[in-house]
Q: 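Could you have a look at this structure, given as structure tokens, before my questions?
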Amino acid sequence: MVRVRFAPSPTGYLHVGGARTALFNWLYARKLGGQFLLRIEDTDKARSSDDSTRAIFDGLIWLGLQWDEDVVFQGANVQRHARDAAALLESGAAYRCFCTAAELDGRRAEAEAKQETFRYDRRCDRLEAADVASRTAAGLPHTIRFRVPEGTTTWNDIVHGDISFPNKDLDDLVILRSDGTPIYNLAVVSDDIAMRITHVLRGEDHISNTPKQILLYRALGGALPRFAHFPNVLGTDGKKLSKRHGATAVGDYEHLGILPDAMCNFLALLGWSPGGDREVMSPAEMIEAFSEDGLLAKASVFDIKKLEWMNGQHLQRIPLEALAARVAVAIEAAGFSSVTDLNARPEWTALLVDLLRIRSRTVDDIVRQSQPYFGTSVAYDEQATAKQWKDAALSRTLLAGARAALATLEPWDATAVEPALRILAEAHGVGAGKLFQPLRVALTGVAESPGIFDVLLLLGRDRSIARIDAALSHPRLAP
RNA sequence: GGCCCCAUCGUCUAUCGGUUAGGACGGCACCCUUUCACGGUGCAGAGACGGGUUCGAUUCCCGUUGGGGCUACCA
């Protein structure tokens, strides 16, 4: 049984790089019928917060990456971590170190000053047993260090192939602090063994932790998992994605009107390819197409333009009712209308959303463009009126003509509206566009909108007439 | 500094020794058209460099260069 885990530390929001790691774990588990677990690594109390934990849950839920089993909080396992450290001490794989943090810092600075690589010199490992016993009995504060054995540590990484580290380059790492709390590498291995994790899939910044962890697995007698290290997600400047690149939290994209499926699709393609030309996929299709072979070793740049395009593609594919429900919430948030009102007229709402989604890339685009279809009056865009009502006299004539034609038109539908307006344009000896454009501005206040007949239907007769009247009394159209 | 990872259009990528190096985003042009979009067509655009191996290298190996990561009593 495949068991993978996503193990973020709750020190901020869920970052897109972390989201991608979670996604790959999720895809891996779902593809193989395994379990996707979530572990919150909160052992650093100073930096961890409940708000951050909540933000991680929210982000994963929004993305649709549901985890299996209960969330594991690493902080709840400190007793086991300490027990494991004690066991290592017992078996001789680790030793007590009485060097203080200040001494260590001093030696490190000294080595650096001499351009030398600092490595712990194991002086405490050479202490006489009696000495160690008496210092311990005296209650002298000390850490527990893992004694890195001789040799080379190698593993076959799922994305990178064989990677090996000479053990001599690994320092004897502290696994338990002098206050008895565990250090990261110990906690991770202890927990992964306890959680029976079979595949550790994480970011490439953990590559250099891996040999240390493998050594700890062996010393602890745990079954070694397979490892995969995903390359970093970079900003457009080629540097690791961070706050200064703008939006990096998945929540930011939610608020920008990105659909979760589009976000997952986009993230999956950063470092994974199903082969061939496939790009736009639903979560189910991604699971179906997912395989280790498609995982790339190269870091990739987060290109928001492509994300937006991807979102536009998903906007067209999502079932209309589902999109309408999301848009309704966003329209209420924008203050144009209410969910209750929109639900009361589902067909009208569906038509509105369907007409706007084709010219939108985000939910926010739809909301922005929906404004003219709510409320009684519209704000006339200066540029639009200047351009489309340039010839005031002609515009007045055409708008008045349209008002007259529409006022008594029966029935109020596409079959009647279109011929009526085309005949009107012809009667005035102008092309259809010469009539439609000024009318579009009169009805919506802006120069871009769905087709003019659809606009009329969306607004209804009364509001259409009222807006033409409002346009007629606009300063620019004054006689 | 030491150790490790990486290297195809500006960006995301296909290619599993032999291709006019393909697709997508973005850009540009044109078509469609009542506007804006959508859609369609076309154009520009890539194997970092140097050595090998091979009949033949983008592909395999080595080096150089350039990016990135780690180097804590952080995670």
Side-chain angles (χ1 to χ4, degrees), chain A residues 7-11 41-44 46-48 74 97 99-101 104-105 108 111-112 115-119 141-145 157 159-160 163-166 168-171 173-179 181-185 187-188 203-211 229 231-232 234 236 238-240 266 269-280 293-294 296-310 312 316 356-361 365 369 384 388 418 421-422 425 431-437 439-441 444 446-453 455:
Chain A
S9 44
T11 55
E41 308 214 321
D42 55 353
T43 52
D44 183 349
R47 292 197 300 164
S48 301
Q74 189 160 65
C97 174
C99 298
T100 66
L104 258 9
D105 285 345
R108 203 184 325 272
E112 243 161 68
Q115 302 259 29
E116 284 168 8
T117 302
F118 175 77
R119 201 160 283 135
H142 60 274
T143 61
I144 293 180
R145 273 187 196 272
D157 196 273
V159 347
H160 293 97
I163 297 181
S164 60
F165 283 76
K168 66 174 175 54
D169 292 326
L170 271 28
D171 228 358
L173 57 149
V174 172
I175 54 177
L176 204 68
R177 293 189 186 86
S178 49
D179 65 0
T181 59
I183 288 293
Y184 173 72
N185 282 305
V188 165
E204 130 186 297
D205 42 338
H206 288 288
I207 287 181
S208 45
N209 284 140
T210 305
H229 291 92
N232 286 322
L234 275 19
T236 43
K239 303 271 189 235
K240 191 174 175 184
F266 174 73
L269 260 21
L270 247 36
W272 172 70
S273 168
D277 298 335
R278 284 191 81 182
E279 292 209 299
V280 183
D293 308 335
L296 283 328
K298 194 183 82 164
S300 44
V301 174
F302 187 94
D303 179 6
I304 193 159
K305 289 278 204 229
K306 186 142 187 179
L307 202 212
E308 287 172 349
W309 167 80
M310 181 67 80
Q316 308 315 313
L356 296 183
R357 70 167 161 179
I358 192 80
R359 53 207 96 221
S360 301
R361 292 199 151 190
D365 282 344
Q369 294 180 74
Q388 303 304 340
E418 176 158 4
L421 290 180
R422 289 197 187 278
K434 287 278 185 245
L435 166 62
F436 297 169
Q437 280 304 93
L439 181 56
R440 186 188 318 281
V441 175
T444 67
V446 294
E448 308 85 34
S449 81
I452 196 72
F453 314 121
V455 170

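All of these numbers come straight from a predicted model, not from anything done at the bench. In what follows, every chain begins at residue 1, and chains take the letters A, B, ... in the order their sequences are listed.
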Q: Just call it for A:Gly203: base, sugar-phosphate, or nothing, with non-hydrogen atoms closer than 4.0 Å on any strand.
A: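 No contact at all - A:Gly203 keeps every heavy atom at 4.0 Å or more from the nucleic acid.
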Q: In chain order, what residues pass the salt bridge (Lys or Arg N to Asp or Glu O under 4.0 Å) check against A:Arg108, with sequence neighbours excluded?
A: A:Asp105
Q: Does a side-chain N or O from A:Thr43 land closer than 4.0 Å to OP1 or OP2 of B:A75, or not?
A: yes
Q: Please list, chain by chain and in numerical order, all residues satisfying side chain to side chain contact (heavy atoms under 4.5 Å, CB included) with A:Pro8, sequence neighbours excluded.
A: A:Phe6, A:Leu38, A:Ile40, A:Ile56
Q: Find out whether A:Pro231 and A:Leu296 are in side-chain contact, i.e. whether some heavy atom of one side chain is under 4.5 Å from a heavy atom of the other.
A: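 Of all side-chain heavy-atom pairs linking A:Leu296 with A:Pro231, none is under 4.5 Å.
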Q: Among residues at least two apart in sequence or on other chains, which ones pass side chain to side chain contact (heavy atoms under 4.5 Å, CB included) with A:Glu41?
A: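 With neighbours one apart ignored, the set is A:Ala7, A:Ser9, A:Arg39, A:Gln74, A:Tyr184, A:Val188.
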Q: When the P atoms of B:A21 and B:U58 are considered, how many whole Å apart are they?
A: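 Looking at atom P only, B:A21 and B:U58 are 10 Å apart.
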Q: Taking the P atom in each of B:U41 and B:A46, what is the distance between them to the nearest angstrom?
A: 23 Å
Q: Could you tell me whether A:Phe302 contacts a base, only the sugar-phosphate backbone, or nothing, with contacts defined as non-hydrogen atoms closer than 4.0 Å?
A: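 Touches nothing.
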Q: Which protein N or O atoms sit under 3.5 Å from an N or O of nucleotides 2-7 of chain B?
A:
residue: B:C5; atom: O2'; partner: A:His160; partner atom: NE2; Å: 3.1

Q: Quick check: closest heavy atoms across A:Cys99 and A:Leu104, and the distance to 0.1 Å?
A: CB-CD1, 3.8 Å
Q: Considering only side-chain heavy atoms of A:His206, which listed nucleotide, B:C73, B:A75, B:G69, is closest?
A: B:A75
Q: Quantified in whole Å, what is the C1' atom distance between nucleotide B:C62 and nucleotide B:U53?
A: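 So the two C1' atoms sit 11 Å from each other.
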Q: If you look at every strand shown and take non-hydrogen atoms under 4.0 Å, does A:Ser449 touch a base, only sugar-phosphate, or nothing?
A: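 Here A:Ser449 touches the bases of the nucleic acid.
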Q: Does A:Phe266 form a side-chain contact (heavy atoms from CB on, under 4.5 Å) with A:Trp309? I'd like the steps, not just the answer.
A: CA-CA 10 Å; A:Phe266 174 73; A:Trp309 167 80; over 6 Å; no
Q: Would you mind classifying the nucleic acid contact of A:Cys97 as base, sugar-phosphate or nothing, using non-hydrogen atoms under 4.0 angstrom?
A: nothing
Q: Between A:Thr181 and A:Arg177, do the side chains contain an N or O donor and an N or O acceptor separated by less than 3.5 Å?
A: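 There is such a pair (donor and acceptor under 3.5 Å, judged by atom type) between the side chains of A:Thr181 and A:Arg177.
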Q: Using a heavy-atom cut-off of under 4.0 Å over every strand shown, decide if A:Lys239 touches base, sugar-phosphate, or nothing.
A: sugar-phosphate
Q: Nearest to the side chain of A:Ala101 - B:C70, B:U34, B:C73?
A: B:C73
Q: Would you mind classifying the nucleic acid contact of A:Thr143 as base, sugar-phosphate or nothing, using non-hydrogen atoms under 4.0 angstrom?
A: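 Here A:Thr143 touches the bases of the nucleic acid.
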Q: Nearest whole angstrom, please: distance from the C1' of B:U35 to the NZ of A:Lys434.
A: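 Distance, rounded to whole Å: 12 Å.
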Q: Test of understanding: with salt bridge (Lys or Arg N to Asp or Glu O under 4.0 Å), list the residues that count as partners of A:Asp205, not counting sequence neighbours.
A: A:Lys240
Q: Using the P atom as the point on both nucleotides, what is the distance between B:U11 and B:G47, in whole Å?
A: 12 Å
Q: Need the pair for B:C70. Rule: Watson-Crick or G-U wobble, both distances under 3.5 Å, any strand; none if unpaired.
A: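 Result: B:G2.
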Q: State, with a plain yes or no, whether a side-chain heavy atom of A:Val455 is found less than 4.5 Å away from one of A:Thr444.
A: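 The answer is yes, as the side chains (C-beta and beyond) meet within the 4.5 Å cut-off.
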Q: For B:C60 versus B:C25, give the span between their P atoms, rounded off to a whole number of Å.
A: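 Approximately 29 Å lies between the P atom of B:C60 and that of B:C25.
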Q: Quick one: on RNA chain B, does A:Arg108 or A:Leu296 contact a more 5' nucleotide (nearest heavy atom)?
A: A:Leu296
Q: Please figure out whether A:Ile358 or A:Gln74 has its closest RNA chain B nucleotide nearer the 5' end.
A: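 Result: A:Ile358.
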Q: Which nucleotide in the set B:A75, B:U34, B:U11 lies at the smallest distance from any side-chain heavy atom of A:Glu41?
A: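 The closest nucleotide is B:A75.
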Q: In whole Å, what is the span from the CZ atom of A:Arg357 to the P atom of B:G39?
A: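 In whole Å, B:G39 P lies 13 Å from A:Arg357 CZ.
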Q: Treat primed atoms plus P, OP1 and OP2 as sugar-phosphate and everything else as base, then score nucleotides 19-25 of chain B 5' to 3': B for base contact with protein heavy atoms under 4.0 Å, S for sugar-phosphate contact only, - for none.
A: ---BBBS
Q: For A:Ile452, which contact category applies under a 4.0 Å heavy-atom criterion: base, sugar-phosphate, or nothing?
A: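 Counting heavy atoms under 4.0 Å across all strands, the contact made by A:Ile452 includes a base.
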Q: In whole Å, what separates the C1' atom of B:G18 from that of B:U13?
A: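 The same atom, C1', in both gives a distance of 22 Å.
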Q: Send over the distance from A:Leu234 CG to B:G66 P, rounded to a whole Å.
A: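 Taking CG of A:Leu234 and P of B:G66, I get 18 Å after rounding.
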Q: So which nucleotide does B:C25 pair with, by the Watson-Crick or G-U wobble rule with both distances under 3.5 Å?
A: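 In the structure as shown, B:C25 has B:G10 as its Watson-Crick or wobble partner.
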Q: My understanding is that a pair needs two contacts under 3.5 Å, Watson-Crick or G-U wobble. By that rule, which nucleotide pairs with B:A48?
A: B:U64
Q: Base, sugar-phosphate, or nothing: which does A:Asp171 touch, judged by heavy atoms less than 4.0 Å apart?
A: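 Here A:Asp171 touches no strand at all.
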Q: What closest approach, in Å, do A:Lys305 and A:Arg361 show between heavy atoms, and which atom pair accounts for it?
A: O-NH1, 4.2 Å
Q: Using whole Å, what does the distance between atom P of nucleotide B:U15 and atom CG of A:Asp293 come to?
A: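 Atom-to-atom, A:Asp293 to B:U15, this comes out as 10 Å.
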Q: How far does the C1' atom of B:C38 sit from the matching atom of B:C31, given to the nearest Å?
A: 14 Å
Q: Side chain of A:Gln316, backbone of A:Arg357: donor and acceptor closer than 3.5 Å?
A: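 Checking the backbone N and O of A:Arg357 against the side chain of A:Gln316, a donor-acceptor pair under 3.5 Å is found.
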Q: Classify the nucleic acid contact of A:Pro450 as base, sugar-phosphate or nothing, counting any heavy atom under 4.0 Å across all strands shown.
A: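 Since a base atom lies under 4.0 Å of A:Pro450, the category is base.
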